[in-house]
Structure formats: C-alpha cells, structure tokens
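By convention in this document, chain letters (A, B, ...) are assigned in the order of the sequence lines, proteins followed by strands, and residues within each chain are numbered from 1.
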Amino acid sequence: MLKIEDLRVNYGYIQAIDGISFEVPEGKIVTLLGNNGAGKSTTLMSISGLVEKAGGTITFDGQNITRMRPEKIVHLGIAHVPEGRRIFPSLTVYENLVTGTLGNKKLTKKRQQELLEEQLVLFPRLRERLKQVGGSLSGGEQQMLAIARGLMMDPKMIMLDEPSLGLAPIVVEEIFDLIVRIREMGKTVLLIEQNASMALAIADYGYVLVNGVIHIEGSSKELLANDEVKKAYLGA
Amino acid sequence: MEYIISQLINGICQGAIYALMAIGYSVVVGVTGMVTFTHGEVMMLGAFASYYVFLWAGNNLFLGIIASFAASWIVGMAVYKICYEHFFNAPRHISLICTVGFSMLLKNLAQILFGANRLPMLNIIENQVYSLGPVKINLLQIVILLVVFALAAVLSLFLNRTRAGIALRAVSQEKTAAYMVGINVRRVAMTGNCIGCGIGGVAGMLMAIYYQTCYATMGGTMSMKAFSSSVLGGMTDVRLSALGGLCIGIIENLGITFSSANFRDAFAFCFLILVLLIRPQGFAVKKGARP
C-alpha cells in the first residue's frame, strides 16, 4: 500500500534520513522502532508532506506522493497522528473531531455523522467530554482524541507517532488494544514506538531504524527473537 | 459628575471602535502567526473607501460598511501575497519588516492619491442627543455601538458555528496539526487575514465618522491603538483583545477628563505599560491548559 524507496531528508547539513526503503502492506500493522533521533518522526513527517525531501520516492496506492501538498496527501487517505498529540487545545472535543473532516470535501454530511458515531463508540470516554475543551482532557484522553481525529479523516492508513509517550501503563494498554481494533476495521497502521516490546506484540512486521538507515527488518516474531533487538530495545 | 458620566460614555464608544480594531488585529495575528504593522494603513484605506462612497452615494451607512470592508479585504489580500505568503518558513522578523515597509508604501501612495490634507467626512448620522437623566448620548455613538456589536456578533457566530470558522480557529491554534488534518492552511490563513483586515476597515470608517475627518496618515495612531489593545488581550484572543480595546478607550477618556485632551495617547500607552509591568501576559489566562 505504501512504498518508500531510498528516502533522504536533510536538516541543514545534517542527514536525518539517509536512504531508507520500506513497505507497508495493506491491512497490517507495521512498526518502526528506534531510539531518539533515529529519524522515525522525520520519516512520518516526510510521508505526510511536512518536510522537504532531498531525494527518493514515496508511493501510496500506486500514486507518487513525494512532492504532494500535505492536504492532498490527507485526502488520498493517509492520517497522521503526531507525536505529542497536538490536539487543538481551546477547541471543544467535538470541534477537534470535526477538524478531521474539514479538508475533505468528498465526505457527505451523512458520512461525517457516521464517522463521528464510529469514533464515539470506539472511544466512549470522548462522548462524555464532547463539550469540554481539548486542553482540559487528561493525557490519555488527549491521545485518544488525537487518534479519533485521525480516524475522522476516513483514512486507508493511519500513522501513529509514539502514542504511548508519557502515559500510564494501564492507559498505554488501552491504546494498544485500540490500535488492534483499528486494524480489525480494515485500516493499515504504521506505528512508531520507543516501547519496542509492546509494539512488536501487536505488529505484523517491524523495521529498526538506526541513525537514519534501516538496520534490521523482519516479522515481529523474528525481531522478538533477534539477539541485537533484544539487547538494544527489549532490555533483555 | 455629569461631565464624568458623559466622558465615560465617550470612552465606551471610542473603546468600542478600538475593540473592533483589536478584533481585526488579533484575527490577523492569530491566523497568520505573524505580527503585522500594516493594519493601520489597511484601516485607513477602509476609511477612504467609505469616504468616497458617502461622497457619491450619500448617507448610506450600510453601503459604507460594505465598501470599507471590501476595500480592506482587497488590501488584505495584497498584504498577504506580499508580506506573508513567501515567508511562512522564514524567520518571523522578515515578514514583520516587510509589513513595516509595505505600510510606508501604502501611506505614501494614499498621500499621492488622496492628497496630504485632512478631508472632512460628511455627516452621515444626524446630530441628535438623547438624554436619560444625567446620561447624554448622541445618535452617532448609539450607531457606532450598534455596528460594533453587530459585527462582533456576526464574527463570533462565524467562528463558533461554521466549519470555516472552526478551520480558522484550528489554524490559529496549531498550524502543524492543521496541516495534518488536511486543512488547506494557506487558504485559511489568507481568508482569515482578509476577514481581520475587513473588520479593521470598518473600524477605520467608524473612526473617520467619529472624528469627522479622514487623512492618509491616520493609520499610525490607529495601528498603535489596535496593537496595544491586542497586546492587552494576549495578542491572539479575540474576546480579550476587544476587552483591551474597551479598557484603553475608557482610560483615555477618563484621563483627559482630569487633564488635557493633548494627553489622550499618553494615557493609553501609560496604561498599557502599567498593565504589562504587572501582568506581562495581558488579560490572558491559559485556558484549558493543564500544568
């Protein structure tokens, strides 16, 4: 579904991503692992068109999206749930959810209503807080809101950037259960995590990013069994 | 006592105009994320547009509002194209200096086109005074208050009840996230900027009617008043900026009650400095933010 070939991104003189290639097959959860500064978030940002690319191609559903404008990429069906959630703090929860549908003119009123209902079933806690402003939610609720806002775009693929960051373990488990349910809804998931063991537990396939290059790849079973991965990321 | 009350009413009325300027200003700053120093000239051109409409079409306030709004909208488009569009990824002072330069250009163009003299504004609203006990208020002041409240209400409905309004607020809160949810940020920023400018234009018209004069350099003080009101309100909060404008208007007029009208601007800016010394964030409280 998503194919990245030889992607390169520079920040000034620094090469943040140095020629990575990987694929995300439809209906799977693929995870990108790696330490801080390995280039995970930059990869996502370049997929959604938010950073300049120095080279390489990104294709989605057979379409070249390398130089597309961010809003066009969203319309093709890629939702990006950013690191640190980045919800709109003084919009209400309802308005935050509505923003997910703003860019896409193809969504009918009826479909928007359906999407909203879907999210409120998936995230019942948001229903209780529809009228509250986003900034007043707890961290976990904000993360759920960010994911729900992503799903409001009716995407084919959703990219989650460190959804577990700064959350209590019990909330993290809840979020990971939700990610599995999102795959069951037929959506493709590209997941970035520092919490490698949890990510590999739900992912189908994984890539390990080190200093802007893909170091190891394999199915999650293979990665879980890999000695290097165990040592560096699973703390074994 | 009567004198003080009537000065208070003058202050509220003038404050309402400042509030409208500040509303426009904070919409612009919020949605583009950049500080503008062209707002005064945008307002000045709005005032001139209404001046000519009144000259040709007579006492038609509604037409004047439309004309000033439209003229400032168009100037706003030019400001956006020249001063913001290319500089979204540049350091912020670049576009700031660009707006300063563009304001000089507009001011001098206006002097060439409309002359450097003060043009007398026609009497759009007949001079009728209503009194309620010690309170005296004239028709002009009532009309100004009505126009300001009507515009503020329309803007508030637009921002809170329509999808375009939600997009506008989203862009002004979190640009990156707005990109990520598929909002066409540049188009929204352009529209928002133009709406802010249009509102400023109407404020310029009201200012010209209130002082019954219209001239090319009137933007300077107006721009400073709009800026100060907006700073009082924490720059991007529309409601608090309006409150800031109202405060400045009242302080000014109460100040000159006890001294001379020459000190009008001094009172406004001293008040601003005092507030900022005590509360640097202005009236703003971080709403909804968790510590």
Tell me, for [X] versus chain B, whether the close heavy atoms (under 4.5 Å) come from the side chain, the backbone, both or neither.
X	value
Thr99(A)	both
Ile87(A)	backbone
Gln112(A)	side chain
Arg85(A)	neither
His75(A)	side chain
Met152(A)	neither

Please say whether more than 12 non-hydrogen atoms of neighbouring residues, nucleotides or ligands are located less than 6.0 Å from [atom1] in [X].
X	atom1	value
Phe87(B)	CZ	yes
Arg67(A)	CZ	yes
Lys53(A)	NZ	yes
Phe149(B)	CZ	no
Met68(A)	CE	yes
Glu114(A)	CD	yes
Arg111(A)	CZ	yes
Glu52(A)	CD	no

Exercise for review: Supply the atom-to-atom distance Met180(B) CE to Leu44(A) CG, rounded to the nearest 0.5 angstrom.
Suggested key: 8.5 Å
Check your understanding: Which atoms form the tightest heavy-atom contact between Leu50(A) and Tyr179(B), and what is the distance?
Key -> CD2-CB, 3.5 Å
Check your understanding: Within the distance-only criterion (no hydrogens, no angle test), does the side chain of Arg163(B) pair as donor or acceptor with the backbone N or O of Thr101(A) below 3.5 angstrom?
Key -> yes
Review point. Between Glu71(A) (side chain) and Val185(B) (backbone), is there a donor-acceptor pair under 3.5 Å?
Key: no
**Study point:** side-chain contact (heavy atoms from CB on, under 4.5 Å) partner of Leu102(A), the single match among Asn184(B), Ile166(B), Val181(B), Val171(B)
**Key:** Ile166(B)
